[in-house]
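Just so it is clear, the values below take in all heavy atoms, side chains as well, and ignore hydrogens, waters and symmetry mates. In this text, all values refer to a predicted model and were calculated from it rather than measured experimentally.
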Amino acid sequence: LTTLLISVGPLPAQNSTAPPVAPKVPKVDTLHGEVRVDNYFWLREKTNPEVIRYLEAENAYTQAGLKHLESLREALYQELLGRIKETDQAVPYYEGGYWYYTRTEQGKSYPIYCRKKGTLDAPEEIILDQNRLAEGKKFHALGGFDVSPDGKLLIYLEDTTAFREYTLHVKDLRTGRLLPDAIRGVWNGIAWADDNRTFFYLTPDSAKRGNAIWRHALGEPKDEKIFQEDNLLYNVFVFRSKSGKYAFLGADGFTSSEWRVIPTATPKAAPRVVAARRPGVEYAVDHVDGKFLILTNDGAKNFRIVWAPESDPGAANWRDWQAGSDSVFIEGLDVTRRFVVVSERAGGLRRLKVTELATGQSHYVTFPEPAYGVFPAQNPDYDANTFRFSYSSFVTPASVYDYDLVKRTRELKKRQEIPSGFDPARYQVRRFTARARDGVEVPVSVLLPRNFAQDGSRPFLLYAYGSYGATMEPTFNSNVLSLVDRGMGYAIGHIRGGQEMGRSWYDDGKMMKKKNTFYDFIDVAEYLIRERYTSSAGLLANGGSAGGLLMGAVANFRPELFRAVVADVPFVDVINTMLDASLPLTAQEWEQWGNPRNPEHYAYMKSYSPYDNVEAKAYPPMLVTTSLNDSQVMYFEPAKWVAKLRATRTDHNPLYLKTNMAGGHGGSSGRYDRLREIAFRYAFMLDMVGLAAHPAMP
């Protein structure tokens, strides 16, 4: 791009009430016979000093406008920090003769990776201290972490840019030294071979789509590309099977899949296709002795599990192992040598089904609360007769259990400790459904103070996501207690676009049905108001990333419904982004949002794209956050959106853009900095509903 030298005017003084004004530099395009004008396209030029100057001006304006909340932010930060056990240790897990675990130390931002050989009474060996790696760096993240089968070497992927630009390092755990086999420009995905010197790794294309798999042998100067996926709709992956017998390689799109295998005993073998790709057929593979277990939607909307012989696993040889169901959605499976644990979803909640391979006998692991989240945890030991899972709810802190698959008993290994104290009796949890405009019942999970007055007088935060089939579980979040302890209600709307209610729930919230996501959120908000949980004068809305798209859409559709909106790293410039296949995520996501080069898709996307639907009308107060180095939702989307809102809206409500100049999609990488970012957002929310001076309940 040609650099534009555009003056954004002087930075506002600390007491300035005038926001920065982004100059309009029209970029004119024509699509489907329509003339499209983008006045803020120039903000894409990350290397343009005037772009940085504009973002810094917005930060200064935000800092000045919210300066009165400094003491509240500090109080909130101390509350959030007080609920974290700063010096802590995760539950160790067993793999390859070692017990592995992470631990944290007070004052240090990152985990320390450790292990003990054979027994937990053995001496501790620190295999990687991320704090030391991060010294002197504004951002530090690990994108992969994998120990060789013999336990002597460690591969880790390191990103210091926040833009997901990884370098692969190999560390000799016997000497503590790095081998010279560093590889730059890699992607998430590693699989060791049995010889402990060969491994497979991924590289991305220019749009950060994993597209190629390479074989590397330690000490050899040249790597061999063994697979490349040229179809832009597919992302490539590689990992080692839990059984250890295979490296799984493959390509997944949003509507079809194709997996390959290489025996780890013969890493130079050519990849073998499990089942050729077919339009509309998705599948995922795991391995148990003698056969593959395959989770697929072939002939089953909510997925089924089939088995196939190792020798010939093509679709013609698939045989039902667990049939599909109209009412039960099969989400995934975990294997051991003797058992298979299937994650199912029924009635909006996850359950675990345990089946013994030899007998075919099954039973369920059940959970007592009306709303909860349960997640398979680290279970790398193929020979284990226990299965580890994490369980929590709005009022049950994260709890790690080991479930004995033979005895059918569970042992609590660790429950999240809240140093400042937590009494679940101070809260109440509710779960109900709100009827959407088309008659569909949308589940809602709610956390309230015990003495919540349901008279419409109390403020309320409604959060949702609603994209990519991601489920938003009603799990424990110690941070949100800083809101609830001040008398606020909190709800998660399980809106369409997720998979809380099965595969159709996802399908009915994407592509040409995407507006169901936005309507569901609005209808849940209206239900909360109608049932006197809150009022529009006290209702806050929050979502991030694709949930930020949700925030932009509902702010356009029903701005009067919300007291304020907080949109984090929001995907709001839908058409322009989906037109540019050079951007990360774009091409693959034509099967999520549509391709605007298709006239029908374009017309539908145009009807909801937040950036395209900004109008001359009143909007609620807004806080918009982004990061300069975000590679998933580029900083310029929220920046352009805020600039257009400033130039178009008719109100004088607060509108703030806060850019993390060193962060990525998740903001800062260090845990203390992340807490300060949460405190910043919470202070804005509390201020908007008149609770800035309201102390937390003792």
Do any side-chain atoms of residues 540-550 form donor-acceptor pairs under 3.5 angstrom with protein atoms, and if so which ones, sequence neighbours left out?
| unit_1 | atom_1 | unit_2 | atom_2 | d |
| --- | --- | --- | --- | --- |
| N542 | ND2 | V566 | O | 2.9 |
| N542 | ND2 | D568 | OD2 | 3.2 |
| S545 | OG | H665 | NE2 | 3.0 |

Side-chain donor-acceptor pairs of residues 129-136 under 3.5 Å, sequence neighbours excluded:
| unit_1 | atom_1 | unit_2 | atom_2 | d |
| --- | --- | --- | --- | --- |
| D129 | OD1 | N131 | N | 2.9 |
| D129 | OD1 | N131 | ND2 | 3.1 |
| Q130 | NE2 | H140 | ND1 | 3.1 |
| N131 | OD1 | S109 | N | 3.3 |
| N131 | OD1 | Y110 | N | 2.9 |
| N131 | ND2 | Y110 | O | 2.8 |

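Side chain to side chain, S627 and N629 fail the donor-acceptor criterion of an N or O pair below 3.5 Å. Residues Y54 and E58 have side chains that bring a donor and an acceptor to within less than 3.5 angstrom of each other.
Ion pairing between E79 and R83 holds under the 4.0 Å rule for side-chain N and carboxylate O. Using a 4.0 Å cut-off between a side-chain N of Lys or Arg and a carboxylate O of Asp or Glu, K644 and D612 do not qualify as a salt bridge. In summary, E677 and R674 do not engage in a salt bridge, as defined by a charged side-chain N under 4.0 Å from a carboxylate O. Using a 4.0 Å cut-off between a side-chain N of Lys or Arg and a carboxylate O of Asp or Glu, D573 and K640 qualify as a salt bridge.
With sequence neighbours excluded, no residue satisfies ring-ring contact (aromatic ring centres under 6.0 Å, His included) with F375. Looking at residues two or more places apart in sequence or on another chain, you find no side chain to side chain donor-acceptor pair (under 3.5 Å) involving E165. The ring-ring contact (aromatic ring centres under 6.0 Å, His included) check on Y608 picks up F518, Y604, with sequence neighbours excluded. Listed by chain and number, the residues in a side chain to side chain donor-acceptor pair (under 3.5 Å) with Y166 amount to none (sequence neighbours excluded). Every residue meeting the ring-ring contact (aromatic ring centres under 6.0 Å, His included) condition with Y93, not counting sequence neighbours, appears here in chain and number order: Y100. By the side chain to side chain donor-acceptor pair (under 3.5 Å) test, T626 pairs with no residue at all, sequence neighbours left out. Evaluation of the ring-ring contact (aromatic ring centres under 6.0 Å, His included) rule for F476 yields F422 as partners, not counting sequence neighbours. By the side chain to side chain donor-acceptor pair (under 3.5 Å) test, Y656 pairs with no residue at all, sequence neighbours left out.
K138 contributes no side-chain N or O that, together with a main-chain N or O of M661, makes up a donor-acceptor pair within less than 3.5 Å. A donor-acceptor pair is defined here as one N or O able to donate and one able to accept, closer than 3.5 Å; no such pair exists between the side chain of D687 and the backbone of A683. Checking side-chain atoms of D651 against main-chain N and O of Y619 turns up a donor-acceptor pair under 3.5 Å. With hydrogens and angles disregarded, a donor-acceptor distance shorter than 3.5 Å links the side chain of T586 to the backbone of T577. For the pair H169 (side chain) and L178 (backbone), a donor-acceptor distance under 3.5 Å is absent.
With Y113 as the fixed residue, the side-chain contact (heavy atoms from CB on, under 4.5 Å) test singles out one of I126, L154, T102: T102.
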Stepwise, does the side-chain contact (heavy atoms from CB on, under 4.5 Å) test hold for E105 with E86? CA-CA 6 Å; E105 295 181 358; E86 295 182 73; over 6 Å; no
Output, in order, the C-alpha distance, side-chain angles, deciding distance and verdict of side-chain contact (heavy atoms from CB on, under 4.5 Å) for F237 and D252. CA-CA 8 Å; F237 58 86; D252 256 335; 3.7 Å; yes
Worked check of ring-ring contact (aromatic ring centres under 6.0 Å, His included) between W593 and Y468: CA-CA 10 Å; W593 316 101; Y468 301 107; 5.7 Å; yes
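Residue pairs meeting the salt bridge (Lys or Arg N to Asp or Glu O under 4.0 Å) criterion with at least one partner in residues 619-632, sequence neighbours excluded, do not occur; the list is empty. The stretch residues 460-481 participates, sequence neighbours left out, in these salt bridge (Lys or Arg N to Asp or Glu O under 4.0 Å) pairs: R345-E473, R350-E473.
A cation-pi arrangement, defined by a distance under 6.0 Å to the six-membered ring centre and an angle within 45 degrees of its axis, is present between R676 and Y77.
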